[in-house]
Amino acid sequence: MNICTIGIGYVGIAAALGFASLGHFVFCVDKDEEKIKKLNEGQIPIYEPKADELIKKYKKNLFFTSDIKSIADKTNVFFIAVGTPSKQDGSVDCSHIFEAVDEVIEHAQKYALIINKSTVPIGFNSELKKYIKNKTDIQIDIASNPEFLRQGSAIEDFLNPQRVVIGTKSQKAIEILKEIYAPFNVPNERFLITDENSAEMIKYAANSFLALKISYINEIAKLCEKTNADIQAIKKGLSLDNRIGDKFLNPGIGWGGSCFPKDTKAIINIAKENNIELKTIKSAIEVNQGQIEHFVKKITDFYNNDIKNKTIAILGLAFKPDTNDTREAPSLTIIQKLKEKGAKIKAYDPWAKIDTINQFESCKQALEGADCAVVLVEWEEFREIDEKEFLNLNDKVIFDGRSVFIDRNFKKYGIKYFCVGKNEQ
Ligand code: UGA
C-alpha cells in the first residue's frame with residue numbers, strides 16, 4: 001500500500017522504515033530540508049539501532065521529500081508523527097499537527113485518512129475532525145493510533161507491537177488500518193479498536209503508569225538503603241509475581257527523555273482542566289525530581305559536602321542507552337548540580353554530544369586523572385570496563401546511578417562502590 005508519514009523524528013523514522021520493510025511504499029515528508037537531504041543520501045539524522053541498515057535495505061520502498069504536494073496524488077493515507085512539546089504551563093503544543101493537517105487538506109484530492117501517531121490531549125482528534133470539516137468538503141477521516149515504541153529500540157518495538165490501538169468511529173478508516181497492519185500479524189486480542197478519546201487516554205495512562213512504576217521502585221530503593229535491604233533482591237522478589245512483572249523496575253537516577261516528563265505533566269494538566277487532581281502522578285514527578293537530589297547527595301556526603309575542584313568522570317549523558325537524545329536527561333541536572341558545587345567534569349558518552357560539557361572520546365580518557373567516576377547511563381560498552389581501569393581514580397570511588405557494576409567485586413581492588421538501593425559494598 002502507498003502511505004505517507006509526516007514528521008521525521010524517532011516515531012516517524014521507525015514508522016517509515018518499519019512500514020517499508022513490511023512491503024508498503026512510504027512517502028516521508030518533513031519540513032526540514034536538511035534532514036530530507038541527509039535521508040536521501042541514506043543517512044539517519046539520529047542515532048537509532050538498525051535504522052542505518054534498514055534505510056539502505058529498503059530504499060526502493062522509501063521516498064523522502066519536503067514537498068507534500070509532489071506526492072499528494074500518490075496516496076490518501078497520511079500518518080502524522082510530529083512533535084507535541086510541552087508549553088510553559090505543562091499543556092501540550094499541537095501546532096505542528098495543525099500545520100501538517102493544513103497541508104494534507106490543501107493537497108488532498110479526494111478521500112483522505114489522517115492517522116495521528118503524535119501524543120495529544122484527550123479530545124484533540126475529535127476537535128480536529130470539526131476543524132477539518134470547517135475547512136474542506138473532501139471527506140477526511142481521522143484515526144488516533146498512539147505509538148508505544150521506545151527510543152533505542154524504536155524499530156524493533158515498531159515491528160513487534162505488543163498492541164495496536166486504533167481510535168476512530170469510521171469503518172472505512174478501520175478497514176484501511178487493518179490492511180496496513182496486516183503484515184505485522186498482531187493477534188486479534190491485541191488489536192484494539194476504540195473511540196478517539198480512549199485511544200488518546202491509553203497513551204497518557206500507559207506512560208504515566210510506567211513512570212509511576214519507576215518512581216515507586218526508586219522510593220523503595222531509598223528505603224532499602226536505610227534498612228540495609230538490597231533493592232536487587234526486592235526487584236527479583238517483586239518480579240516473580242506476574243501481576244507485577246519484571247519490567248520498569250530498575251532503580252536509578254530517575255526517568256527522563258522526551259515522553260515521560262512531558263506526558264505526566266500533560267495528563268496532570270488535562271485532569272486539572274477537568275477539576276481532578278492526579279495525586280499519584282504528581283507524586284511520581286516529585287519522587288523523580290527527588291531522586292536526582294538523592295543521588296547527588298551520595299556523592300557530596302562521601303566528600304563531606306566539599307566537592308570543590310574535584311574532577312568527576314561522568315560515564316553517560318543520554319537519557320537512556322542506545323540513543324543520542326539528551327532531552328530531559330537526568331545527567332544534565334546532575335552535572336549542573338555538581339558544577340554549581342565547584343566540581344570539574346570530564347564526560348564520555350558513545351553517542352550523545354553536548355556542547356557545554358567537557359567531553360572525551362573514550363571512557364579511558366574521561367577516567368584519566370579524575371578523582372571519582374559517576375555512571376549515569378547503562379550503555380552496554382560500560383559493562384565491559386575492567387575493574388582495574390578504575391584504579392587510576394585518585395579517590396578510588398565509583399557512584400553508579402544505573403547499577404551497571406552491581407555484580408563486580410570492587411572491594412578486592414580497594415575501590416569504594418556506591419549504587420542506588422544498596423549500601424556501599
Ligand atoms: C517511553 C515509553 O516506554 C514508550 O512506550 C512510549 O512509546 C514512549 O515513551 C513515547 O511516549 O514516545 P522512551 O521515553 O523512549 O519510551 O524510553 P523508556 O525506555 O520508557 O525510558 C524512559 C526513562 O525511564 C529513561 O530515562 C530510562 O532510563 C528510565 N527508566 C526506564 C528507569 O529509570 N528505570 C526503568 O526500569 C526503566
Side-chain angles (χ1 to χ4, degrees), residues 7 9-15 18 46-49 81-86 92 116-120 145-158 160-165 199-200 202-221 231-232 234-235 238-239 244-267 284-285 287-289 291-292 294-295 316-334 349 352 375-379 400-404 419-421:
Y10 287 90
V11 173
I13 291 234
I46 48 169
Y47 172 62
E48 184 60 46
V82 296
T84 48
S86 287
V92 184
N116 197 2
K117 281 217 157 284
S118 303
T119 306
V120 292
N145 174 211
E147 182 49 61
F148 301 103
L149 62 79
R150 294 159 298 171
Q151 287 180 219
S153 50
I155 292 162
E156 193 68 31
D157 287 352
F158 186 80
N160 301 292
Q162 293 189 29
R163 78 286 214 192
V164 172
V165 174
E200 291 157 354
I202 288 168
K203 172 72 189 197
Y204 281 115
N207 272 2
S208 302
F209 185 74
L210 293 169
L212 203 61
K213 209 173 169 189
I214 303 167
S215 284
Y216 174 77
I217 202 71
N218 280 337
E219 219 169 21
I220 297 294
I231 192 65
Q232 299 300 330
I234 314 307
K235 187 185 141 189
L238 289 174
S239 65
I244 299 174
D246 62 350
K247 304 284 188 304
F248 279 66
L249 284 180
N250 294 320
I253 48 174
W255 37 270
S258 64
C259 305
F260 288 179
K262 168 174 82 80
D263 294 350
T264 46
K265 262 188 264 165
I267 195 171
I285 296 177
V287 169
N288 201 47
Q289 286 157 351
Q291 196 63 14
I292 285 185
H294 180 65
F295 185 68
L317 296 170
F319 85 91
K320 62 182 264 186
D322 294 325
T323 180
N324 61 341
D325 198 340
T326 55
R327 280 177 289 176
E328 303 255 4
S331 65
L332 303 182
T333 320
I334 292 172
D349 188 286
V375 186
L376 300 182
V377 184
E378 65 276 36
W379 281 99
D400 184 353
R402 298 292 189 179
S403 307
V404 172
C419 60
V420 177

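Basis for what follows: all heavy atoms, side chains included, without hydrogens, waters or symmetry-related copies. One-based numbering, in listed order, for ligands and for the atoms of each.
- For the pairing with D157, the side-chain hydrogen bond (donor to acceptor under 3.5 Å, both in side chains) check across R150, Q151, Q162 returns one residue only, R150.
- Residue contacts with ligand 1 do not include G257, since none of its heavy atoms lies under 4.0 Å from the ligand.
- Between F319 and ligand 1, a contact under 3.5 Å exists for at least one N or O pair.
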query: Under the side chain to side chain contact (heavy atoms under 4.5 Å, CB included) criterion, do W255 and I285 qualify, and how do the steps go?
result: CA-CA 9 Å; W255 37 270; I285 296 177; 3.9 Å; yes

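- Contact between K203 and ligand 1 is present, with at least one heavy atom of the residue lying under 4.0 Å from the ligand.
- In terms of protein heavy atoms, atom 33 (O) of ligand 1 is closest to R402 NH1, 3.2 Å.
- With respect to atom 17 (O) of ligand 1, the closest heavy atom belonging to the protein is K320 NZ, 3.2 Å.
- Nearest to atom 20 (O) of ligand 1 by heavy-atom distance, out of W255, F148, F248, is F248.
- Note: no N/O pair closer than 3.5 Å links I214 and ligand 1 by distance alone.
- In this structure, the protein non-hydrogen atom closest to atom 12 (O) of ligand 1 is C259 SG, 2.9 Å.
- Below 3.5 Å of separation, one finds no N or O of R150 facing any N or O of ligand 1.
- The two residues S403 and Q232 make their nearest non-hydrogen contact at OG-NE2, 3.5 Å.
- If you check each of V377, I217, N207, I253 against atom 2 (C) of ligand 1, the one with the closest non-hydrogen atom is N207.
- Other residues, nucleotides and ligands place more than 12 heavy atoms under 6.0 Å from the CZ atom of F148.
- Checked against a 3.5 angstrom limit, the closest N/O atoms of T119 and ligand 1 fall outside it.
- Residue-level proximity to ligand 1 for L149 is carried by the backbone, the only part with a heavy atom below 4.0 angstrom.
- Contact of the I217 side chain with the I231 side chain is registered, since non-hydrogen atoms from C-beta on lie closer than 4.5 Å.
- Looking at heavy atoms from C-beta onward, K203 lies out of side-chain contact with V165 at the 4.5 angstrom threshold.
- Considering both main-chain and side-chain atoms, F260 never comes within under 3.5 Å of ligand 1 through any nitrogen or oxygen pair.
- Ring orientation note: the planes of Y47 and W379 are tilted relative to one another, at an angle of 30° to 60°.
- Of all atoms in ligand 1, listed by their number and element, those nearer than 4.0 Å to a heavy atom of E147 are 7 (O).
- Across all non-hydrogen atoms, the minimal contact from A284 to L212 is CB-CD1, 3.6 Å.
- Distances shorter than 4.0 angstrom do not occur between any heavy atom of K247 and any atom of ligand 1.
- Scanning all heavy atoms of the two residues, the minimum distance from A206 to R163 falls at CB-NH2, 3.7 Å.
- Side-chain polar atoms of Y10 and S258 form no donor-acceptor pair below 3.5 angstrom.
- The distance criterion of under 3.5 Å between nitrogen or oxygen atoms is met by Q151 with respect to ligand 1.
- The closest protein non-hydrogen atom to atom 36 (O) of ligand 1 is N250 N, 2.9 Å.
- When only interatomic distances are considered, the shortest N/O to N/O separation between G256 and ligand 1 falls below 3.5 Å.
- Closest heavy-atom contact between A329 and A318: CB-C, 4.0 Å.
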